[in-house]
Amino acid sequence: MNLLDRLRESFANAAPEGVDAAALGNSVRPGTDAKFGDYQANGCMALAKSLGVSPRDLAARVAEVVDLGDMALKPEVAGPGFLNVRIRDDWIARRLRELLDDPTLGVAPPRRTRTVVIDFSSPNVAKPMHVGHIRSTVIGDCLARLFEALGHHVIRDNHLGDWGSQFGMILWGWKNARDDAAYASSPVRELARLYRLAQSRIQGGDAGVEEASRRETAKLHAGDPENRALWQQFMPSCLEAIEAIYSRLGVRFDVRLGESFYDPMLAGVVDDLTSRGFAVESEGATVVFVEGSKTPFMVRKSDGAFTYATTDLATIQYRVKTWNPDLMLYVVDHRQGDHFKLLFEVARRWGFDRVDYRHVAFGTVLGADRRPFKTRDGDVVGLESLLDDAVSEARALIDANSPDIDPDERARIAETVGLAAIKYADLSQNRLSDYVFDWKKMVAMNGNTGAYHQYAFARIRSIFRKGEVDPYALRSRRPEITLGQPAERALAMQVLRFPETLELAANELKPNVLTDYLFETANRFSTFFEACPVLKAESAALRDSRLALSDLTARVLERGLGLLGIEVLERM
RNA sequence: GCGCCCGUAGCUCAGUGGAUAGAGCAACGGUUUUCUAAACCGUCGGUCGCAGGUUCGAAUCCUGCCGGGCGUACCA
C-alpha cells in the first residue's frame, strides 16, 4: 500500500462517531507547502458542521486518536482546522532502505487486477504517419505502460484504418493516375500521393471522383476480385512503413485488429440491432436513435455500406467476448467526442454494459499560427521527418557539449535525446488542451524537458562511475540512510511518493501527472546535487547514505521515464 | 441553433474545493581549483475572461454573459 493510502486509511479509522469516515480519509492530500508538513487532512472544516462542533475541536480530537504508528508525528492542528502531518525522518530512512532492493520501488500489487483494452494510434495505413498521430501513439503507449506497472492486464490494440473509404480513393487513383515507376521505388509514397490527389479533387468539388471513389470502396467491400487483390498488394508495404516508425519509437502492440478484421461481422451487428428494435430505418439509412442526441448513430448508410460506427460496435462485441475487459480506453482526438458518446451509449444498451468505456480525448496539434499544424507548403508534417529534426537538434547540442564522446555513441545519444524531446513535450501537457507545436520548445533541451531528466540521470550515473561504486553491491549492502540536510529529506520524500503518483496518473488517465512528478524529482535532485557532496561526504557512512539516495533517485527517474516511453543514458 | 472543450504572468502552459495561485521560456543579476554549468541560486512579472451564486473556504462547483476552438445524418 502506498504512503498516501496508508494515511487515508489511518484517518478514516480515526473518524469520531457521526463523522463520514471515508470523507475524512479521502481528504488527506500531499501538503501544499513544505512548511505545513508532508501531508494534510482537510476534512475537518467540512465535517465539523454535522457534529455541531468547531472545526478546530474536531481536528484536535482526530489528532488525538489517529494511529499513525511510527510513521508520522502527531498531526498538528493549523489554521481553520487543517491537520498537518509530518512523516518521521527515521521512518523515511527505514522505508528507503527497504526500497533499495525492491524492484518495484514500492508499487504494490493492485487490490483488484483489471483487464484494460487500450485502443490507440490507429493510423490510416494508406497514408504516411504525420504529426497528428504522435499524440494518440505516445499517450496511449504511456497509459499502457502505467496500467501494466500497476499490475493490471493490458491489451494494446492498434485499430488500423485499413478498410475505409480512403482505400476507395486510393483505388480510384491507382486506376486513373498512377505512376508505376514511383510506385516501384516507394509504394507508400505513391499511394499517399494518389490519396491526396483524390482527396483534393473531391474537396475541390469534383463529384465524379467522389462518386467513383465511393464505388471503388463499395466494390472492395463487396468482394470484387480486382480491388481485393490490389488491397492485398498494398497492405504489406503500408504495414511495413508503419511498423518502422513504431520500432523507432519503441511502441509495441499486442494486437493489430484493423477495420478489415471486423468486416465479416458487420452485417450481423446491424441485423442484431435491427431485430432487437434498437436500429431503425431513417431516410434510407439504418440508425440507432439515442436519447439526448439530435444526430443518430448510423450503422448502415443509404447506399448499403457500413460505417465506422458499425465497425466500432463489432469491435466492442469482439473485445468483450475475447478479453472481457473492465476498462476500454480510446485514445482519440477530442473532435470525435460525439461519436464516442453515442458509441458507448449504444454499446451499453446492446448489452455490453459491464465495461467502463472512456474516450481519452486530446487536443489538436496546432501550428504557431494556431491553425492545425502544416508545413509551409500546406502539407501535413511527416512523423519521420519530425523525429529526424529533433534528433539532429539533439546531435548539435551533444557535439557542442560532449566532443570527447566518440561519434557513434553521440549518434545513439542524439537519437535517444531527440525522441525523448518529442515524447516529453507531448506528454507533459494536459491532454485536453490543444497543442501548440513550437519547434523551439519541442526541441529545447533545458527546462521542463526530456533532456533535463536524462541529464539528471546521467549525472547520477557519473557519480557512481567516478567513485567506482557498483550500485548492485550498494543495494545489497543496504546502508543506513540519514537525512540531515533539508535537500536530502526533500529528495527522500519525493522518492517515497512514486507509487501514489502512478496511481493518480492512471486514475486520471493523465501522463502529465507523472511528468510533473518527475520534474519535481529531478529538480530536488539538482538541489541535492549542489548542496550535498556525495563522493566527498564527511564520512564513509554519509557517503553511503547519499549514494543510496542517489541510486534510488536514478531508479525512480529511469522507471518513471520508462513509463513515458523515454530511455535513460549513462552519459550525455 | 444545439453539444463538447478552452480562456491563469510578456509567450507556452501546470494547478485532485484548501492556507500567500506555480513552472518553463523570455528579461535582469549571481554561482565553476570540488561528483556533467544541458545545472544551481536570486529578481522581475497576476482584476485566474466578466458578473452573480453555493461554501467556513472557489482558478477549481453552479447559472448567465463575453471571447476562441471543435463537432453537429450517409469521411473515419
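Values below: every heavy atom of this structure, side chains too, minus hydrogens, waters and symmetry copies. Sequence lines set the chain letters: A, B, ... in the order given, protein chains first and strands last, and positions in each chain run from 1.
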By nearest atom, which of the nucleotides B:A19, B:A76, B:A14 is closest to the A:Asn430 side chain? B:A14

Touch class at under 4.0 angstrom, heavy-atom based, for A:Asn124 against every strand present: nothing

Per nearest nucleotide of RNA chain B, the residue lying toward the 5' end, A:Arg214 or A:Thr32, is A:Thr32

Smallest separation among heavy atoms of A:Ser402 and A:Met572, with atom names: OG-O, 3.2 Å

Under 4.0 Å protein heavy-atom contacts per nucleotide of nucleotides 22-33 of chain B, with B for base, S for backbone only and - for none: -SSS--------

Could you check whether any side-chain heavy atom of A:Pro75 comes within less than 4.5 Å of a side-chain heavy atom of A:Val62, counting everything from C-beta outward? no

RNA chain B nearest-nucleotide lookup for A:Arg8 and A:Phe529: closer to the 5′ end is A:Arg8

Counting any heavy atom closer than 4.0 Å, what does A:Arg571 reach on the DNA or RNA strands: base, sugar-phosphate only, or nothing? base

Out of B:G18, B:A76, B:A38, minimum distance to the side chain of A:Gln336 belongs to B:A76

Let's see if you get this right: which residues in residues 535-551 of chain A place a heavy atom under 4.0 Å from RNA chain B? A:Leu535, A:Lys536

RNA chain B contacts among residues 75-85 of chain A, heavy-atom distance under 4.0 Å: A:Ala78, A:Phe82, A:Asn84

For a quick check of understanding: with a heavy-atom distance under 4.0 Å over all strands, which category does A:Ile398 fall into, base, sugar-phosphate or nothing? base

Ring-face cation contact, A:Tyr39 with A:Arg497, 6.0 Å cut, 45° max: yes

State which of B:A76, B:C35, B:G3 makes the closest approach to the side chain of A:Ile463. B:C35

Report which part of the nucleic acid A:Pro55 touches: base, sugar-phosphate, or nothing (heavy-atom distance under 4.0 Å, all strands). nothing

Within the 4.0 Å heavy-atom criterion, would you say A:Gln429 contacts the bases, only the backbone, or no part of the nucleic acid? sugar-phosphate

